[in-house]
Amino acid sequence: MARPKIALIGAGQIGGTLAHLAAMKELGDVVLFDIAEGTPEGKALDIAESGPVEGFDAALKGTQSYSDIAGADVCIVTAGVPRKPGMSRDDLLGINLKVMKSVGEGIRDHAPDAFVICITNPLDAMVWALREYSGLPHEKVCGMAGVLDSARFRHFLSLEFGVSMRDVSAFVLGGHGDTMVPLVRYSTVAGIPLPDLIKMGWTTQEKLDAIVQRTRDGGAEIVGLLKTGSAFYAPATSAIEMAEAYLKDQKRVLPCAAYVDGALGLDGMYVGVPTVIGAGGVERIIDIKMTKDEQAMFDGSVNAVQGLLDACKGIDSSLQ
Ligand code: A3D
């Protein structure tokens, strides 16, 4: 049987890391696509040359031609520009919306059967636009944010408790960014919920609140340190976890930006929710019941995403 084909649209910081991880894990052959001539070719060759040392079997190719992604099983999209000083949110939306149009049409024409994972920001709006432009089924297009946000939350919690990150599970809902909703009630250490750990004296409400805030600000913290770009190792590894769940039909329960129509009181929109990812793509949305406070936070997050969608529709009237 031929190896799966993984197309990475965007060969920047995250794209290059995705290629490296996909090859090291032997998830399949990798095609790196980018409009910047030389970048995808150079990264593909560099990673391929690490193959004999690492001992992986994966072919890597860099390209500027969408025909090279033909028949891809998975497409991970990081194409776009980051927000620069002086650029408004709408400026960024306008630029990345145009990028999503060209990428969506490229996927539609060359890899319509792929499972598509969007990472480009602003995430919840871009994944929606990418689905609209590509016309792929909703369950085959989703966005990566929740796995990363939960990983950050888990990391901070494991430091606070002095336990292995493997034994900390976390639950984050809502849009990616300031309005994300880390659900403390459903986050645990080996099954013990965080509120119980407060009662057991493992931490305090104040410390937990500070960890939740640090999780919400996780992206900005890295930007502040790097100064010239945003996080790429943890975002790449998070998207690879989602791709692997699809390629190996693992039925993983992962939070991702998925199309929700009916569950959680939503009427057809992309937002961060717990999902089951397997060979069918996003196979299930887990319709959890929230408390009044959680619902209020989630509603605020949904409203923020809706604001971005309205702005997209204002920029491109073909999106309605
Ligand atoms: P960067 O290193 O700038 O890579 C982006 C690449 O996209 C560059 O190589 C560009 O040449 C390329 N590109 C631009 N336009 C096109 C186009 N039309 N077609 C194909 N390629 C194009 O950025 P990065 O890899 O650090 O980040 C990529 C995206 O991920 C950005 O939008 C970030 O904001 C976003 N991001 C999201 C998260 C989430 O958790 C959702 C986390 C970190 C970064």
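Atoms within each ligand, like the ligands themselves, are counted from 1 in listed order. Because the structure is a prediction, the values reported are computed rather than measured.
- Nearest to atom 6 (C) of ligand 1 among the protein's heavy atoms is D34 OD2, 3.6 Å.
- For D178, the CG atom is loosely surrounded, since the number of other residues' heavy atoms within 6.0 Å does not exceed 12.
- Minimum interatomic distance between R185 and K289 (heavy atoms only, all atoms of both residues): NH2-O, 3.3 Å.
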- request: Check the pair D68 / F33 against side-chain contact (heavy atoms from CB on, under 4.5 Å), numbers first and verdict last.
  value: CA-CA 8 Å; D68 285 321; F33 173 98; over 6 Å; no
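- Among I9, I119, D149, the residue whose heavy atom sits closest to atom 37 (C) of ligand 1 is I119.
- The shortest N/O to N/O separation between I14 and ligand 1 falls below 3.5 Å.
- No hydrogens or angles considered: a donor-acceptor pair under 3.5 Å links the side chains of S65 and S67.
- Sorted by first then second residue, the side chain to side chain donor-acceptor pair (under 3.5 Å) pairs that include residues 266-283, not counting sequence neighbours, are K251-E283.
- Checking atom 13 (N) of ligand 1 against the protein gives a heavy-atom contact under 4.0 Å.
- An N or O contact shorter than 3.5 Å links N121 to ligand 1 by distance.
- Near L123, with a cut-off below 4.0 Å to any heavy atom, the atoms of ligand 1 are 41 (C).
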message: Is there a side-chain contact (heavy atoms from CB on, under 4.5 Å) between C142 and M242? Walk through the geometry before answering.
response: CA-CA 10 Å; C142 66; M242 294 165 67; 3.6 Å; yes
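- Among all protein heavy atoms, the one lying closest to atom 28 (C) of ligand 1 is T78 O, 3.2 Å.
- Looking from atom 21 (N) of ligand 1 to the surrounding protein, the closest heavy atom is A79 CB, 3.4 Å.
- Shown in contact with A231 at under 4.0 Å from a heavy atom are these atoms of ligand 1, numbered in order with element: 43 (C).
- Residue contacts with ligand 1 do not include T39, since none of its heavy atoms lies under 4.0 Å from the ligand.
- Scanning the protein heavy atoms around atom 39 (C) of ligand 1, the nearest turns out to be H176 NE2, 3.3 Å.
- Between H110 and Y66, the angle of the ring planes stays under 30°, which puts this pair in the parallel group of the 30/60° scheme.
- The nearest pair of heavy atoms linking G80 to N96 is CA-OD1, 3.4 Å.
- Given atom 19 (N) of ligand 1, the protein heavy atom at minimum distance is I35 CG2, 3.7 Å.
- A distance of 10.0 Å separates CD of Q306 from CG of L266, quoted to the nearest 0.5 Å.
- Atom 41 (C) of ligand 1 has its closest protein heavy atom at M144 O, 3.3 Å.
- At a heavy-atom distance under 4.0 Å, no atom of K98 approaches ligand 1.
- Ligand 1 lies nowhere less than 4.0 angstrom from a heavy atom belonging to G229.
- Closest non-hydrogen pair, C75 versus A114, comes out as SG-CB, 3.9 Å.
- Under 4.0 angstrom from ligand 1, the non-hydrogen atoms of T120 come from both its backbone and its side chain.
- In this structure, of G16, G80, G15, the residue bringing a heavy atom nearest to atom 5 (C) of ligand 1 is G80.
- In terms of protein heavy atoms, atom 42 (C) of ligand 1 is closest to P235 CG, 3.8 Å.
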- request: Please lay out, stage by stage, how H176 and D124 fare under the test side-chain hydrogen bond (donor to acceptor under 3.5 Å, both in side chains).
  value: CA-CA 7 Å; H176 180 57; D124 303 273; over 6 Å; no
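- Looking at R3 and D29, a side-chain N of the basic residue comes within less than 4.0 Å of a carboxylate O on the acidic one, giving a salt bridge.
- The protein heavy atom nearest to atom 23 (O) of ligand 1 is Q13 N, 4.5 Å.
- Under 4.0 Å from ligand 1, the heavy atoms of L148 that appear belong solely to its side chain.
- For the side chain to side chain contact (heavy atoms under 4.5 Å, CB included) with V77, the qualifying choice from I14, L8, L130 is L130, the only one to do so.
- For ligand 1, the polar-atom distance check finds no N/O of Y66 at less than 3.5 Å from any of the ligand's N/O atoms.
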